[in-house]
K.L.:
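Got a structure for you, questions after.
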Amino acid sequence: MTTILIKHPVQDYTIWKGAFDSFIDTRKASGEKSYHICRPIDEPDNVVILFEWDSLDKAKAFLDSEDLKAAMQQA
């Protein structure tokens with residue numbers, strides 16, 4: 001199991017969360033096992049996401065994927 005921590009700025013949390021949720025099937029198919037989202041009180045325009053992935057190779061492949069880049073552009 002691989003754990004990944006990402007801190008990511010967002011312009012609008014509600015829009016970002018909708019896009020994040022709509023991408024769940026792609027994440028799961030790519031090896032995501034679980035995630036937790038946190039928003040720092042003093043940084044509401046940032047999200048901190050802790051993912052568990054079934055392997056480091058699959059996590060890296062997902063993070064480098066064109067699908068993810070396109071989804072991030074839309075969010």
Side-chain angles (χ1 to χ4, degrees):
M1 188 84 62
T2 298
T3 303
I4 298 173
L5 179 72
I6 295 176
K7 183 176 181 183
H8 180 64
V10 297
Q11 290 184 357
D12 182 309
Y13 178 78
T14 303
I15 292 171
W16 174 86
K17 183 67 164 79
F20 180 85
D21 289 346
S22 71
F23 209 56
I24 193 165
D25 291 337
T26 303
R27 294 192 324 265
K28 295 286 182 189
S30 298
E32 180 194 272
K33 294 298 183 190
S34 67
Y35 68 90
H36 300 279
I37 298 173
C38 301
R39 293 173 67 195
I41 291 172
D42 60 341
E43 297 181 63
D45 295 332
N46 281 296
V47 292
V48 178
I49 314 161
L50 181 65
F51 291 99
E52 287 189 356
W53 230 263
D54 57 4
S55 77
L56 180 58
D57 289 339
K58 286 183 180 180
K60 284 182 179 180
F62 175 78
L63 293 172
D64 290 337
S65 73
E66 292 301 318
D67 288 342
L68 176 60
K69 291 174 188 169
M72 290 178 71
Q73 290 284 335
Q74 290 179 341

K.L.:
Minimum heavy-atom separation for Lys28 to Lys33, with atom names?
P.N.:
NZ-O, 3.2 Å
K.L.:
Quick one: does Ile37's side chain get under 4.5 Å of Trp16's, heavy atoms only?
P.N.:
yes
K.L.:
Which donor-acceptor pairs under 3.5 Å do side chains of residues 60-70 form with protein atoms, sequence neighbours excluded?
P.N.:
unit_1, atom_1, unit_2, atom_2, d
Ser65, OG, Phe62, O, 2.8
Ser65, OG, Leu68, N, 3.1

K.L.:
Would you compute the distance between atom OG1 of Thr26 and atom CD of Glu32 and round it to the nearest 0.5 angstrom?
P.N.:
10.5 Å
K.L.:
Listing request: all ring-ring contact (aromatic ring centres under 6.0 Å, His included) pairs with a residue in residues 25-45, at least two apart in sequence or in separate chains.
P.N.:
Phe20-Tyr35
K.L.:
Using residues 45-57 as the side-chain source, report each donor-acceptor pair under 3.5 Å to any protein atom, sequence neighbours left out, with the distance given to one decimal.
P.N.:
unit_1, atom_1, unit_2, atom_2, d
Asn46, ND2, Glu43, OE1, 2.9
Trp53, NE1, Ser30, O, 2.9
Asp54, OD2, Lys58, NZ, 3.4
Ser55, OG, Lys58, N, 3.1

